[in-house]
There are 2 protein chains.
Amino acid sequence: MARAGLTAERVTIAGAELADEVGLDRVTMSQVARRLGVKDASLYSHVRNLEDLRGRIALLAADEKTVLIAEATAGRAGKDALVAFADAWREYAHRHPGRYTATQTPIQIDPELAAKAPGPRRAVELTYGMLRGYGLTEPDLTDAVRLLRSTFHGFVALEAAGGFGHERSPQQSWTRALDALHALLEHWPPSREGASS
Amino acid sequence: MARAGLTAERVTIAGAELADEVGLDRVTMSQVARRLGVKDASLYSHVRNLEDLRGRIALLAADEKTVLIAEATAGRAGKDALVAFADAWREYAHRHPGRYTATQTPIQIDPELAAKAPGPRRAVELTYGMLRGYGLTEPDLTDAVRLLRSTFHGFVALEAAGGFGHERSPQQSWTRALDALHALLEHWPPSREGASS
DNA sequence: TTGTCTTCCTAGGGCCCCTAGGCTAAAACT
DNA sequence: AGTTTTAGCCTAGGGGCCCTAGGAAGACAA
């Protein structure tokens, strides 16, 4: 019987493609096997189980997303960098919805596998680097990074969930949100404990 | 055979409890039936199928969350209202993680059922009402609402996914994010088309 | 009491996850 | 080249889940 030339990576890619087409929660071992022209039991030589496959898809996606963001922000600074970063993030989520949702699953990944994936670490560096120009210092820097990531992720998640009505295009709201975040980063409010207005 | 007194609502509640305990994606008809001391086939007299059950959980959660936010923001204005709104949102997500994720699924709900659920409509009204004090006008108002919802949702989603390291408590970042958003709403940048810095 | 409605049951088909064990193509060694 | 070892893919099968079909037995009304 001719061999199919399976490998953990090919299985992961097939799973990622399937995730983008039908949604991450519809990625099953059987479907991935069918797409590869193979019986489902054959996959278990390359991938531990479904959860492992999901983790691999998540790592793949994190790496891809990080690379795109790195390319988009290379050589840019200030608002240019912010917009490039955010647009690359959002575009990845649009282009690869299944992969993107995989990046947001509580990480339950084989540690040894995760160790050789440069994605997450690099993503953190990129975000901090992008903010360097705004002159923030810790702990404001960390807070700003978290705010940006929250907003980017929240926006594309709501967009994907159909959370925005049709009265105004998401693109316009997105552009304005980036304007607003840029303004906010330039005038980051000083830390005051008990002030309320 | 003694009757269990099932009803669509009781089934939904059991599903919601299960979702909070083990995660929404682990809510199965069989598990819900087991929890109710009933065979799984019995549920289909009250709920059309698993997708329908998920939709009902989503509506239940949306209503609960809206009520909590309404109570929290009642009689408040300005930053007080913003913080109360955001804290109620985040607390609901923490207390009911499964229900909360249900609210974020692309809505695939029986329209007739959705029509009698006041949650979504009321939630929109609440958000716009909270922002009234900042004096924004359309379309800035819509953009601001979307930015806030994105940030709130993104923050709790990243928090739930373990997306924040341990170097700084999420609570502190959350407080600072609300400070920042409040400042942003008070000085919402004017709409300028081609300006870049 | 009798009839009707509803609730819950058992039976069963189909898909999915995963393990165990076998066969054979491909690679490694002599 | 011939032989041994490795590894890829297979079939068989158990268990769980979703859902439908049809039956039995409470609850309720006449």
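Below, read A as the first sequence line, B as the second, and so on, with proteins coming before strands; counting in each chain starts at 1. If you're wondering where the values come from, they're calculated on a predicted model, not measured in any experiment. Scope of the values below: all heavy atoms of this structure, side chains included, with no hydrogens, waters or symmetry mates.
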Euclidean distance, atom [atom1] of residue [X] to atom [atom2] of [N] [Å, nearest integer]:
X       : N      : atom1 : atom2 : answer
A/Leu53 : C/dC18 : CG    : C1'   : 14 Å
B/Leu50 : C/dC16 : CG    : P     : 15 Å
A/Asn49 : D/dG15 : CG    : P     : 19 Å
A/Arg54 : C/dC16 : CZ    : P     : 13 Å

Could you give the angle between the helix axes at the two ends of the helix from C/dT1-D/dA30 to C/dT30-D/dA1, with five pairs per end, rounded to 10 degrees? 10°

For residues 30-37 of chain A, dump all side-chain donor-acceptor pairs below 3.5 Å to protein atoms at least two apart in sequence or in another chain.
residue, atom, partner, partner atom, Å
A/Arg35, NH1, A/Glu17, OE1, 2.9
A/Arg35, NH2, A/Glu21, OE1, 2.6
A/Arg35, NH2, A/Glu21, OE2, 3.0

Of all of residues 20-47 of chain A, which get a heavy atom below 4.0 angstrom from DNA chain D, listed by number? A/Val38, A/Lys39, A/Ala41, A/Ser42, A/Ser45, A/His46

Any side-chain donor paired with an acceptor under 3.5 Å for B/Thr66 and B/Arg122? no

Side chains of B/Trp174 and B/Asp87: donor-acceptor distance under 3.5 Å anywhere? yes

Basic-acidic side-chain contact under 4.0 Å: A/Asp179, A/Lys79: yes

side-chain hydrogen bond (donor to acceptor under 3.5 Å, both in side chains) involving B/Thr175 - partner list, sequence neighbours excluded: B/Gln171

Name every donor-acceptor pair, under 3.5 Å, that has one atom in a side chain of residues 131-140 of chain A and the other anywhere in the protein, sequence neighbours excluded.
residue, atom, partner, partner atom, Å
A/Tyr134, OH, A/His182, ND1, 2.7
A/Glu138, OE1, A/Thr142, N, 3.2
A/Glu138, OE1, A/Thr142, OG1, 2.8
A/Glu138, OE2, A/Thr142, OG1, 3.2
A/Asp140, OD1, B/Arg176, NH2, 3.0

Residue pairs involving residues 147-165 of chain A (criterion side-chain hydrogen bond (donor to acceptor under 3.5 Å, both in side chains); sequence neighbours excluded): A/Arg90-A/Glu159, A/His94-A/Glu159, A/Tyr100-A/His153, A/Thr151-B/Thr151

What about the rings of A/Tyr92 and A/Phe152, do their centers lie closer together than 6.0 Å? no

